[in-house]
Amino acid sequence: MQKYNSLVIVGAQWGDEGKGKMTDYFAQKTDLVVRFSGGDNAGHVINFNGKKHKVTIIPSGIFNKRVINIIANGCVVNLTKLVEEFNIIKNSSIEHGKLLISDRVQLIFPYHIKIDECQEEAKGSKKIGTTKRGIGPAYQDKVSRIGIRLGEVSDPDFKEKFKEVYDYQMKFLKNVFNQEPLNFEEMYNDLISAYNLIKEDIIDCGSYIEAAIKEGKRVLFEGAQGALLDIDHGTYPYVTSSNTSANNVSIGSGISHKLINTTIGVVKAYSTRVGQGAFPTELINEIGNGIRERGHEYGSNTKRPRRVGWIDAVALKHAIRTSGLDCIFITLLDVLSGIDELKICVKYEMNGRELNSIPATNFKYEQCKPIYIDTPGWAEDISNATSFDQLPNEAKNYLKLIEKICEIKITGFSVGPDRNQTVVLEHLF
Ligand code: GDP
Ligand code: IMO
Ligand code: MG
């Protein structure tokens with residue numbers, strides 16, 4: 001079978017695993033970087049040359065001059081926000097790559113954001129804890145077939161069609177949430193202003209990406225969120241509204257799954273979660289607080305403190321299966337320095353029964369207690385390590401244990417936020 005130069009990078013936990021850092025790192029050797037799902041609910045932080053950069057909807061390959069970055073059809077896009085984000089990059093002194101956008105992305109409008117806010121408020125204590133970027137309502141409209149694709153903006157009857165959808169949305173907001181109407185002309189004009197700035201960069205992404213892969217170009221697919229936030233395979237209903245898993249690469253970018261070669265799962269050396277939902281290994285204590293401070297575990301997008309817990313091998317195995325991971329890359333290993341004893345969750349106990357998998361409901365998942373194995377931690381600062389051999393024995397053992405328990409190869413690890421604080425153990429790309 002033919003081998004292609006295609007690599008998928010997805011999160012294997014509840015998001016914020018360091019996908020942005022890993023994508024930026026591998027993008028240095030890449031021709032195309034493709035974001036295939038999610039919207040500006042993502043927050044991907046990238047550090048190089050002593051500076052920190054953040055992207056939400058623009059692919060994390062943007063900071064590499066020779067990379068063509070594509071926002072593919074599986075994404076939902078707030079066009080005004082996209083233009084603002086790209087302007088910040090363009091107006092900085094950083095060299096950046098090209099940006100192209102699929103004609104099939106679904107657009108996010110102010111009414112999606114308003115509905116997201118109202119739905120969350122109405123749920124009260126049962127709220128999801130969304131990022132309030134309108135992501136759920138935009139995907140909802142896609143499935144209801146009242147969403148608007150970017151390619152439709154240039155249709156001659158677009159304004160009338162948009163007005164029909166707007167009228168429906170205003171009725172919904174009034175009747176269900178008693179909200180006053182939003183200004184249609186303002187919304188339309190904002191859309192057209194943003195559209196005019198990007199219209200030359202709109203493509204049919206599937207055929208573009210397919211041609212690139214078949215020509216032998218290196219193509220990297222960047223995931224957003226994480227496997228446990230997947231709408232089908234995540235910890236429903238406390239999930240996002242798209243398929244975040246690697247299986248969605250082909251649907252989300254319009255190519256055959258046969259063109260995908262290698263899939264890496266990015267795994268934080270511990271676990272974090274933002275928003276509500278069961279979290280069996282959560283640490284509500286000094287160890288958790290210490291990890292949060294050392295790892296700067298505050299959402300880059302919403303600034304919320306992230307919930308912190310031990311690494312969870314049951315959740316990781318779930319991600320390995322649902323994303324078909326070939327290997328994993330461990331990030332934020334440096335943050336664990338200084339903890340006497342580390343724990344790895346290997347099973348759950350639920351009402352006297354041992355479980356090796358995640359139950360289907362949050363009610364049952366809340367009842368799962370982690371069963372741990374313990375392993376000694378290390379005191380040394382490892383942020384300058386450039387090889388596996390330079391790690392303390394305890395850190396080596398920790399990685400080996402994860403490999404053994406999860407039955408998957410660790411292909412590298414990261415010991416700090418900077419591009420250079422990355423150790424690749426196996427050549428992938
Ligand atoms: P993403 O959403 O998966 O791209 O992850 P985020 O960027 O939201 O969160 C990961 C955070 O950890 C960012 O602030 C990164 O700069 C930082 N980071 C990534 N890798 C490492 C690492 O190995 N060590 C440390 N200390 N920080 C890291
Ligand atoms: P990156 O790509 C962490 C979470 C939200 C909430 C749930 C639903 O940076 O890893 P949504 O706004 O998508 O409807 O919120 O999903 N969530 C994330 N958590 N990292 C993310 O992205 C997330 N994107 C969404 O906190 O619990
Ligand atoms: Mg993030």
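Counting starts at 1 for both ligands and their atoms, in listed order.
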Closest to atom 7 (C) of ligand 2 (heavy atoms only, candidates Val239, Val45, Thr131) is Val239
Can you find an N/O atom of Gly416 closer than 3.5 Å to an N/O atom of ligand 1?
yes
What is the name of the N/O/S atom in Asp16 that sits closest to the Mg ion (ligand 3)?
OD1
Take atom NZ of Lys123 as the centre, draw a 6.0 Å sphere, and report whether it contains more than 12 heavy atoms from other residues, nucleotides or ligands.
yes
Touching ligand 2 at all, Gly43? Heavy atoms, strictly under 4.0 Å?
yes
Going by distance only, is there an N or O of His44 that falls short of 3.5 Å from an N or O of ligand 2?
yes
Can you confirm whether or not the ring centre of Tyr166 sits under 6.0 Å from the ring centre of Phe109?
no
Do Ser387 and Asp389 meet the criterion of a side-chain donor-acceptor pair at a distance under 3.5 Å?
no
For Thr80 and Asp190, test the side chains for any donor-to-acceptor distance below 3.5 angstrom and give the result as yes or no.
no
Got a sec: is Gly43 within less than 2.8 Å of the Mg ion (ligand 3) via an N/O/S atom?
yes
Would you indicate whether Lys65, at its atom NZ, is surrounded by more than 12 heavy atoms from other residues, nucleotides or ligands within a distance under 6.0 Å?
no
Val45 N/O to ligand 1 N/O under 3.5 Å
yes
Quick check: does Asp116 get an N/O under 3.5 Å from an N/O on ligand 2?
no
Give me the ring orientation class for Phe86 and His96: parallel if the planes are under 30° apart, tilted from 30 to 60°, perpendicular past 60°.
perpendicular
for atom 27 (O) of ligand 2, nearest protein heavy atom and its distance come out as Val274 O, 3.0 Å
Distance filter under 4.0 Å to Val335 heavy atoms, resulting ligand 1 atoms:
26 (N)
Under a plain distance cut-off of 3.5 Å, with no hydrogens placed, do Lys174 and Asn178 share a side-chain donor-acceptor pair?
yes
Side chain, backbone, both or neither: Lys21 near ligand 1, heavy atoms under 4.0 Å:
side chain
Honestly, for Asn47 the part within reach of ligand 1 (heavy atoms, under 4.0 Å) is side chain
Under 4.0 Å from a heavy atom of Trp14: which atoms of ligand 2 are those, numbered in the order shown and with their elements?
3 (C), 19 (N)
Within a distance under 4.0 Å of any heavy atom of Ala42, pick out the atoms of ligand 2 and give their elements.
1 (P), 2 (O), 9 (O), 22 (O)
For atom 15 (O) of ligand 2, which protein heavy atom lies nearest, and how many Å away is it?
Thr130 CA, 3.4 Å
Mind checking whether Arg133 has an N or O less than 3.5 Å away from an N or O of ligand 2?
no
When you check the side-chain N and O atoms of Asn243 and Asp232, is any donor under 3.5 Å from an acceptor?
yes
For Arg306, state whether at least one heavy atom is located under 4.0 Å from any atom of ligand 2.
no
So does Glu17 get a backbone contact from the side chain of Thr331, meaning a donor-acceptor N/O pair under 3.5 Å?
yes
Just to check, does Arg306 reach to within less than 4.0 Å of ligand 1 when the distance is taken from its heavy atoms?
yes
Under 4.0 Å from a heavy atom of Lys19: which atoms of ligand 2 are those, numbered in the order shown and with their elements?
1 (P), 2 (O), 10 (O)
Under a 4.0 Å heavy-atom limit, does Val266 contact ligand 1 with its side chain, its backbone, both, or neither?
neither
Test item: side-chain donor near acceptor, Tyr365 and Tyr348, under 3.5 Å
yes
Classify the contact between Tyr238 and ligand 2 as side chain, backbone, both or neither, using a heavy-atom distance cut-off of under 4.0 Å.
neither
Describe, in one word, how the ring planes of Tyr372 and Trp310 are oriented to each other, choosing from parallel (under 30°), tilted (30 to 60°) and perpendicular (over 60°).
perpendicular
Quick one: look at Leu229 and ligand 2, take heavy-atom pairs under 4.0 Å, and tell me if it's side chain, backbone, both or neither.
side chain
I'd like to know if the side chain of Thr302 and the backbone of Gly299 have a donor-acceptor N/O pair within less than 3.5 Å.
no
Any N or O on Thr240 sitting closer than 3.5 Å to an N or O of ligand 2?
yes
Please name the residue in the list Glu85, Lys81, His44 that meets the side-chain hydrogen bond (donor to acceptor under 3.5 Å, both in side chains) test with Thr56.
Glu85
With heavy-atom distances below 4.0 Å as the criterion, list the atoms of ligand 1 near Val415.
23 (O), 24 (N)
Would Arg419 and Phe48 count as a cation-pi pair here, with the cationic atom under 6.0 angstrom from the ring centre and within 45° of the axis?
yes
So, Ser323 side chain and Ala246 main chain: donor-acceptor pair closer than 3.5 Å or not?
yes
Quick one: does Arg304 get an N or O within less than 3.5 Å of an N or O on ligand 2?
yes
Closest to atom 23 (O) of ligand 1 by heavy-atom distance, out of Gly18, Ser300, Ser414, Gly11, is Ser414
Looking only at atom types and distance, does a side-chain atom of Lys369 sit under 3.5 Å from a main-chain N or O of Pro280, one as donor and one as acceptor?
no
Select the closest option to atom 6 (P) of ligand 1 among Gly20, Ala42, Ala269, Gly43, judged by heavy-atom distance.
Gly43
Check against side chain to side chain donor-acceptor pair (under 3.5 Å), Gln225 and Asn41:
CA-CA 8 Å; Gln225 291 80 50; Asn41 48 349; 3.1 Å; yes
Checking a contact table here: which protein heavy atom is nearest atom 12 (O) of ligand 1, and how many Å away?
Leu332 CD2, 3.7 Å
Can you report which non-hydrogen protein atom sits closest to atom 10 (C) of ligand 1, along with the distance?
Asp16 O, 3.7 Å
Should the proximity of Arg273 to ligand 2, defined as any heavy atom under 4.0 Å, be assigned to the side chain, the backbone, both, or neither?
neither
Parallel, tilted or perpendicular, as decided by the 30° and 60° cut-offs, for the rings of Phe63 and His53:
tilted
Is there any N or O on Ala224 that sits under 3.5 Å from an N or O of ligand 2?
no
So is there a nitrogen or oxygen of Gln225 less than 3.5 Å from a nitrogen or oxygen in ligand 2?
yes
To which of Gly129, Gly20, Gly275 does the heavy atom nearest atom 6 (C) of ligand 2 belong?
Gly129
Whether Glu17 lies under 4.0 Å from ligand 1, heavy atom
yes
Ligand-residue contact atoms, ligand 2 with Asp16, heavy atoms, under 4.0 Å:
1 (P), 3 (C), 9 (O), 10 (O), 20 (N)
Using a strict 4.0 Å cut-off to heavy atoms of His44, name the atoms of ligand 1 that fall inside it.
1 (P), 2 (O), 4 (O), 7 (O)
Could you tell me whether Thr302 approaches ligand 2 through its side chain, its backbone, both or neither, with non-hydrogen atoms closer than 4.0 Å?
neither
Among Arg292, Arg306, Arg307, find the residue that satisfies the salt bridge (Lys or Arg N to Asp or Glu O under 4.0 Å) test when tested with Asp16.
Arg306
Should the ring pair Phe413 and Phe388 be called parallel, tilted or perpendicular, given that the plane angle runs from 0 to 90° and is split at 30 and 60?
perpendicular
Can you find a side-chain donor-acceptor pair between Asn247 and Thr322 that sits under 3.5 Å?
no
For ligand 1, the portion of Asp334 having any non-hydrogen atom under 4.0 Å away
side chain
